[in-house]
Amino acid sequence: MRKHLKIPGIDQCPVDDIVSIEGKGNYTTIFLKNGQTILMAKTLKKFESQLRLGTFLRIHKSYLVNKVNVLSHDLNESKTVKTVLNQSLPVSRRKLDLVRGQLA
C-alpha cells in the first residue's frame, strides 16, 4: 500500500491528503484536503492501479474517492457520496453494490 504519491508541484503528497480523483479522458484532476486541485496528464486507470490496495474506491467511470474522506452517502435516492470538501460525487449503477459493501 502506497503512503505517498509523486505529484508535480508537491514532492511527496500523502495519500491520505487526497480526497478524490476525477478523470476526463487522458487527464485527471486531484482534489486535496487543503482545497488545492492539481491537473495531471495521467489516466484515472493508472491512478486506480497505483492506489488499489489502499483506501481508494472506484465509484464511477470518472471518479475515485478516498473512503477516509467520505462524510456521508445516499445510495438509495440520489446515489451520491459526499466528501469532506462538500463534493457530491455520483455513484454509477454498476458500482452501486460494491460501494454499498465498502461504505456501509
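- No continuous path of ILVMFWY side-chain contacts below 4.5 Å connects Phe47 to Val65, so the two sit in separate hydrophobic clusters.
- Nearest heavy-atom pair, Leu96 versus Leu75, reported as atom, atom and distance to 0.1 Å: CD1-O, 3.9 Å.
- In this structure, Lys33 and Asn69 approach most closely via the heavy-atom pair CE-OD1, 2.9 Å.
- Side-chain atoms of Arg58 come within 3.5 Å of backbone N or O of His60 as a donor-acceptor pair.
- With contacts defined as side-chain heavy-atom distances shorter than 4.5 Å, the pair Leu64/Ile59 does not qualify.
- Among residues two or more places apart in sequence or in another chain, the side chain to side chain contact (heavy atoms under 4.5 Å, CB included) test is passed with Gln102 by Leu57, Lys67, Leu98.
- In this structure, the separation between NZ on Lys46 and CG on Leu51 is 14.0 Å, given to the nearest 0.5 Å.
- Cluster membership check: Val68 does not share its hydrophobic cluster with Ile18, using side-chain heavy-atom separations under 4.5 Å among Ile, Leu, Val, Met, Phe, Trp and Tyr.
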Donor-acceptor contacts under 3.5 Å from residues 21-29 side chains, at least two apart:
| residue | atom | partner | partner atom | Å |
| --- | --- | --- | --- | --- |
| Glu22 | OE2 | Tyr63 | OH | 3.3 |
| Thr28 | OG1 | Lys42 | O | 3.4 |

>> side-chain contact (heavy atoms from CB on, under 4.5 Å) for Ser20 and Asn66? Distances and angles first, verdict last.
In response: CA-CA 6 Å; Ser20 63; Asn66 191 343; over 6 Å; no
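- Following chains of ILVMFWY side-chain contacts shorter than 4.5 Å, one can reach Leu71 starting from Leu85, so the two form part of one hydrophobic cluster.
- Linking Ile, Leu, Val, Met, Phe, Trp and Tyr residues whenever their side-chain heavy atoms come within less than 4.5 Å leaves Val15 and Val19 in two separate clusters.
- Closest heavy-atom contact between Leu44 and Ser62: CD2-C, 3.5 Å.
- Annotation: ring-ring contact (aromatic ring centres under 6.0 Å, His included) contacts of Phe56 (sequence neighbours excluded): none.
- Judged purely by atom type and a 3.5 angstrom limit, Asp74 has no side-chain atom pairing as donor or acceptor with the backbone of Thr80.
- Tested against Asp97 for a salt bridge (Lys or Arg N to Asp or Glu O under 4.0 Å), the candidates Lys95, Arg100, Arg94 yield a single pass: Arg100.
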